[in-house]
Every structure is written in structure tokens, then in C-alpha cells.
Student: 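Provided herewith is a single structure, encoded as C-alpha cells, for subsequent inquiry.
Numbering starts at 1 and runs along the sequence shown. Note that ligands are numbered from 1 as they come in the structure, with each ligand's atoms numbered from 1 the same way. Just so it is clear, the model here is predicted, and its values are computed rather than measured.
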Amino acid sequence: MFTPFQNEPYVNFAEDGPRQKMLDALARVQKELGRTYPIVIGGQRIVTEQMRASHNPACWRQIVGYTYDAPAELADEAVQAATEAFRTWSRVPPEVRARYLVKAAAILRRRIYEFCAYLVYEASKNWNEAYADAAEAIDFLEFYAREAVRWGQPHPTTPYPGEENEVRYIPLGVGVSISPWNFPLAIATGMAAAAIVTGNTVIMKPAEQTPVLAAKIYELFEATSLPPGVLNYLPGAGEVIGEALTGHPGVRFVSFTGSRDVGLHIYQRIATHQPGQKWLKRAILEMGGKDAIIVDEDVNLDGAAEGVVASAFGFQGQKCSACSRLIAHTKIYDALLEKVVERASRLTVGDPANPANYMGAVIDEEAYNRILQYIAIGRAEGRVVLGGEETEHPGEGYFIHPTIIADVDPDARIAQEEIFGPVLAVIRANDFDHALAIANNTCYGLTGGVYSYNRMHLERARHEFHVGNLYFNRKITGALVDVQPFGGFNLSGTDSKAGGRDYLGLFLQAKSISERW
Ligand code: NAD
């Protein structure tokens with residue numbers, strides 16, 4: 001019924017057309033900043049006592065918009081509204097549910113520059129990063145729409161004489177979707193879309209730092225005439241409304257993307273049976289990383305340096321897939337380090353509304369202070385070869401220049417703990433065996449990369465480099481929907497493979513029905 005899935009193409013902002021459209025959108029959206037976005041439960045707009053201002057990380061004075069923090073008491077109301085909506089939504093055929101997603105994708109595609117402008121203002125993404133985030137959101141909508149139709153088709157069983165047997169996949173119930181700020185459009189859209197298209201109803205709890213983009217996602221779905229209560233928008237503090245939702249007995253599943261410690265906490269919380277709870281809650285958890293690129297001897301060092309710098313400093317290093325450890329073979333260590341430092345030193349840092357700036361600000365003051373603390377730790381754990389100095393401070397924006405710390409021990413804190421900022425630890429490996437051992441030596445397992453021309457080394461890495469997303473001779477960020485399904489091992493999460501063909505199964509349960517004639 002739908003045309004085959006294709007990834008949304010990117011645009012080239014060096015060309016006049018896209019450049020002008022982006023400039024126009026930035027100017028238009030700037031005039032809209034400061035608007036207020038209420039909570040939405042069952043289609044009803046709700047305001048509370050506690051208003052939250054969302055700031056532009058690159059220009060803190062600028063308020064992107066205001067939202068209302070949902071108090072814990074609203075969790076119950078939201079679960080009730082979603083439960084009510086589930087009764088009818090769960091009976092809507094998959095291909096009809098899929099059309100809501102395709103429609104949402106069409107609207108988003110028409111308004112993509114406007115959404116990009118919000119990504120620049122609220123998340124401090126540069127133009128290309130913003131476009132990639134929006135294009136991924138479109139991909140999730142289009143891909144999951146087609147996937148829902150596929151999952152809805154008959155599933156084969158072994159024939160049995162005198163009986164009709166079928167296995168069908170049915171929705172779970174009311175879900176909570178808890179998202180991070182770093183892909184505020186793609187991840188929040190993808191998690192909500194997967195829940196909805198499989199016949200569940202969902203309560204969207206976005207990150208505190210990017211609630212306006214989540215309100216825009218709500219408006220997007222509302223514009224498709226999605227029935228009230230299928231999607232509900234409950235922004236607010238994770239420790240308050242997030243906690244109330246994950247502990248609610250009426251919630252059937254929690255789909256979370258965020259940090260390791262919050263993921264672990266949610267895992268434990270939803271495993272605890274609550275009075276009146278009739279099921280085991282399901283957890284879909286995608287968490288942090290401490291991702292490494294191994295550079296072997298005898299490779300093109302310019303190509304490797306380019307991939308490392310893009311992976312480490314794109315979006316200020318604030319991607320779960322970002323390269324935060326460079327593990328270099330001792331034979332090329334010094335030469336590679338020089339090239340990486342030279343490239344990184346040319347990156348421009350500043351307000352990403354200006355396309356001349358490659359890196360924007362880090363998300364907020366808390367992130368800024370945490371990253372600076374890690375740089376201070378790194379000063380004692382290695383040799384700072386780029387950045388590291390106190391950057392011009394806040395007031396205006398939370399900018400941190402690319403920082404590279406060389407000669408770091410594999411067990412050092414900056415080689416083990418997720419920093420989530422533009423800080424790269426460089427580690428020396430004696431040989432390829434040593435490099436692989438270092439790469440696998442963290443509690444995470446999200447992304448990893450190898451630059452090598454040695455076939456045996458690449459084949460070993462295929463088996464032994466224990467990460468959910470492994471890349472050879474390219475950067476380790478920028479996974480595309482259904483090209484590189486995304487999700488990690490170990491404490492990086494439940495390996496849910498967002499944007500992959502198994503993903504929707506996590507939002508469904510199989511029912512076997514047998515009729516004897
Ligand atoms: P975070 O864990 O601080 O917050 C994520 C979400 O959890 C937010 O909406 C927050 O409000 C909510 N939350 C916090 N405490 C909660 C609680 N007690 N109960 C319920 N919800 C709660 O993460 P962040 O800073 O927003 O995002 C960055 C992290 O996300 C990094 O660790 C990054 O690696 C990870 N991440 C992982 C992936 C992936 O696919 N594996 C993708 C993007 C980001």
C-alpha cells in the first residue's frame with residue numbers, strides 16, 4: 001500500500017535554496033519564541049502552578065518557550081485517559097494507524113526548516129545536525145508505519161489437521177515514553193510513533209531541557225487528527241512525574257532513552273510489583289556509551305583523523321554514539337594525534353544560528369560544569385594537547401572548545417566514565433590485541449569503530465569488539481533508520497535496535513489462537 005521505505009535525503013546548506021529557507025525559518029521562529037505550551041491529557045490542555053522556561057543554550061537570556069511541570073498527581077489522570085483511549089485505538093487496523101504516521105511525516109517534511117530552527121534554538125544544534133535530527137524523525141515515522149503493516153500480517157504456524165491456528169501480535173496497553181534532550185525530535189518522535197502505530201497509547205515525558213520540541217511533536221500528531229488520549233504530553237521533572245509514571249500500576253511498558261544511572265533506576269523500579277498491578281511491566285531501555293575508535297597501523301591517517309574528529313566533536317560530543325576514546329596503535333600514535341589535533345583545532349565554536357559555527361553550546365550549566373570537572377580530572381590523568389582551558393563563561397552561552405587529552409590510561413576515569421561533551425581521551429595500544437582489549441574494557445557497549453586495512457583484524461573485530469553498532473573505516477555516529485538499526489550491549493541498554501525490523505516487536509505481545517473444527 002505504501003511506496004517502499006527510503007531514508008529522507010539531506011540538503012546541502014552551501015546551496016542558495018536550502019540556505020535561504022533555513023535563514024527564513026530562523027527569523028520566523030525567532031518571532032515565535034517565548035510562547036507557552038500546556039500539558040495535554042486526553043486532548044485537554046492543562047496548566048499547573050509550576051511553569052518552566054526553556055532556554056537557548058547558546059544565548060541563555062533567550063527563552064525558547066514556557067511549559068508547565070506536571071505534578072505527580074497528574075500521572076493518574078494521564079494513565080486513565082490513555083487507558084480509555086486504548087479501548088478503541090487498540091482495535092484500529094494497523095494500516096489505518098500507519099496512515100497517521102505517514103501523515104505526520106508529510107507534515108513534518110513540509111515544515112522541516114521550522115523544526116530545524118527549533119532544534120537550533122532549543123538544543124544548540126548546527127544546521128546540518130538539526131536537519132539530520134529532523135530527517136531521522138521522518139524516517140522513524142515512515143519506517144514504523146510500514147513495519148506496523150508487516151507485523152499485522154498473518155504469521156505462519158505449522159499446519160495441524162482439523163484445526164485453524166494463528167499467531168497475531170497485539171498491543172500491550174498504556175506506555176510511557178521517556179526521552180533525552182540530545183535528539184529531542186528524532187528520539188521522542190520515534191519512541192512515541194512506535195508505541196502508537198502498534199496500537200498502544202502513550203504518555204510522552206520529554207527531557208526537562210527540550211520540552212518545547214516535544215510540544216511541537218504533540219502538535220504534529222494532533223494535526224493528523226489522532227484521537228484524543230492516544231498521545232499525551234506530560235513534561236516535567238524526571239524525579240517527579242517520571243517517577244510517578246514508571247511506578248503507576250496502570251502502565252504496561254516504559255520505553256526510555258537516557259543515561260545509564262537513570263535507566264538502571266527505572267529498570268529496578270518497574271520490576272517492583274505495585275498493588276493492583278496486573279502484569280509484568282516491560283522495559284525498553286537505551287542508555288549511555290563510552291565509545292571507542294581503534295586506529296590500526298598502516299592506515300590512511302587523514303581519513304582516520306577526519307572520522308575521529310567528526311565522531312568526537314559533532315554536536316559538541318553530546319551523542320550517545322560519540323567517540324570519546326581514541327585507541328591508536330603505537331606505530332601511528334604520534335602522527336595520528338598530530339592530525340586529529342590539527343583538524344579539531346580548526347573547528348569553529350559559537351552560536352549555531354550562524355552557519356559559520358560548527359559547534360554550538362553544551363546543553364546547560366549543569367552539563368557545562370560537569371564537563372569542566374572531567375577536564376580537570378583529565379589534566380591529572382593525561383596530557384592536554386588541545387583545549388582544556390576555562391572557556392569564556394556563561395551569561396551568554398555554555399561553550400566548550402574541543403578538548404583532547406593524550407596518554408590516558410585505559411582505566412582512568414576519563415577513559416571509563418561517560419562525559420557527554422567535547423572531550424576525547426587518547427590511549428596508546430601496543431598492538432591490535434591490546435587495542436581490542438582496551439576497547440571492550442568498559443561497562444558499556446554502544447558504538448565502536450575500527451580503521452584498518454588488515455582483513456584479519458577487521459574479521460576479529462567483527463566477532464570480538466562487543467558493541468551494538470560497529471563501524472569499519474568510517475565515523476561511528478549518524479546511524480540511519482533501517483540501514484544501521486541502533487542499540488547497545490551491556491549497560492548501554494536492552495539492545496532494542498531502534499530503526500530496525502525487530503523494534504516494533506518490543507511494543508507487542510504474541511497471541512496464539514486455535515479453533516478446532
Ligand atoms: P537522563 O537520564 O538524565 O534523562 C533522560 C530522561 O529521563 C529525561 O526525560 C529525564 O527527565 C528522565 N528522568 C530522570 N530521572 C528520572 C526518574 N527518576 N524517573 C523517570 N524518568 C527520569 O539523560 P539525558 O541527560 O537527557 O540524555 C543524555 C543521556 O542519554 C546520555 O547518557 C546518552 O548516552 C543517553 N542517550 C542514549 C541513546 C541511546 O540510543 N542509547 C540515545 C541518546 C541519548
Student: Which ligand 1 atoms does I187 reach within 4.0 Å, using its non-hydrogen atoms?
Tutor: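 Those qualifying, in numeric order: 42 (C), 43 (C).
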
Student: Name the option, out of G242, A207, G238, that contains the heavy atom nearest to atom 17 (C) of ligand 1.
Tutor: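 Result: the heavy atom closest to atom 17 (C) of ligand 1 is in G238.
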
Student: Could you list which atoms of ligand 1 come closer than 4.0 Å to a heavy atom of I178?
Tutor: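 That gives atoms 6 (C), 7 (O), 9 (O), 12 (C), 20 (C), 21 (N) of ligand 1.
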
Student: For atom 34 (O) of ligand 1, is the nearest protein heavy atom under 4.0 Å away?
Tutor: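 Given the 4.0 Å cut-off, atom 34 (O) of ligand 1 counts as touching protein heavy atoms.
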
Student: Return the residue, atom name and 0.1 Å-rounded distance of the protein heavy atom closest to atom 28 (C) of ligand 1.
Tutor: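 Sorting protein heavy atoms by distance from atom 28 (C) of ligand 1 puts F420 CE2, 3.5 Å first.
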
Student: Hey, could you give me each pair passing side chain to side chain donor-acceptor pair (under 3.5 Å) that has a residue in residues 280-289? Not counting sequence neighbours.
Tutor: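 Sorted pair list: E286-S496.
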
Student: Has ligand 1 got any nitrogen or oxygen that is less than 3.5 angstrom from a nitrogen or oxygen of G258?
Tutor: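 There is such a contact, yes.
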
Student: Are any of the N/O atoms on G236, whether in the backbone or the side chain, positioned under 3.5 angstrom from an N/O atom of ligand 1?
Tutor: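 Between G236 and ligand 1, no N or O pair is found under 3.5 Å apart.
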
Student: Please confirm whether Q209 comes within less than 3.5 Å of ligand 1 when only nitrogen or oxygen atoms on both sides are compared.
Tutor: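 By distance alone, the answer is no.
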
Student: If you count the atoms of ligand 1 from 1 in the order shown, which ones are under 4.0 Å from a heavy atom of P206?
Tutor: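 Every atom of ligand 1 under 4.0 Å from some heavy atom of P206: 9 (O).
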
Student: Would you mind running through ligand 1 and noting each atom that sits below 4.0 Å from a heavy atom of L446?
Tutor: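 What qualifies from ligand 1 is 41 (N).
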
Student: Enumerate the atoms of ligand 1 whose separation from the nearest heavy atom of T257 is less than 4.0 angstrom.
Tutor: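 Those qualifying, in numeric order: 5 (C), 37 (C), 38 (C), 39 (C), 40 (O), 42 (C), 43 (C).
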
Student: Looking at F183, is K125 sitting on its ring face, NZ or CZ under 6.0 Å from the six-membered ring centre and within 45 degrees of the normal?
Tutor: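 Yes, cation above the ring, under 6.0 Å and within 45°.
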
Student: Under 3.5 Å, side chain of T447 to main-chain N/O of S321, donor-acceptor pair present?
Tutor: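 The answer is yes, because a donor-acceptor pair under 3.5 Å joins these two groups.
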
Student: Looking at Q268, I want to see if its CD is surrounded by more than 12 non-hydrogen atoms of other residues, nucleotides or ligands under 6.0 Å.
Tutor: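 No.
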
Student: Could you tell me, atom by atom, which parts of ligand 1 come under 4.0 Å of a heavy atom of N182?
Tutor: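 Numbered from 1, ligand 1 contributes 43 (C), 44 (C).
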
Student: As a quick check of understanding, evaluate side-chain hydrogen bond (donor to acceptor under 3.5 Å, both in side chains) for E219 and Y37, giving each step before the final call.
Tutor: CA-CA 10 Å; E219 289 175 0; Y37 301 87; 5.5 Å; no

Student: Please identify which atoms of ligand 1 are closer than 4.0 Å to at least one heavy atom of F256.
Tutor: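 The atoms of ligand 1 under 4.0 Å from a heavy atom of F256 are 2 (O), 5 (C), 6 (C), 7 (O).
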
Student: Rounded to the nearest 0.5 Å, what's the gap from CD1 on I203 to CD on E77? Could you check?
Tutor: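 That separation rounds to 11.0 Å.
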
Student: With respect to W181, determine whether any N or O atom, backbone or side chain, lies less than 3.5 Å from an N or O atom of ligand 1.
Tutor: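 It does: an N or O of W181 is found under 3.5 Å from an N or O of ligand 1.
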
Student: Please check if the distance between the ring centroids of Y144 and Y503 is under 6.0 Å.
Tutor: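 Yes; Y503 has its ring centre under 6.0 Å from that of Y144.
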
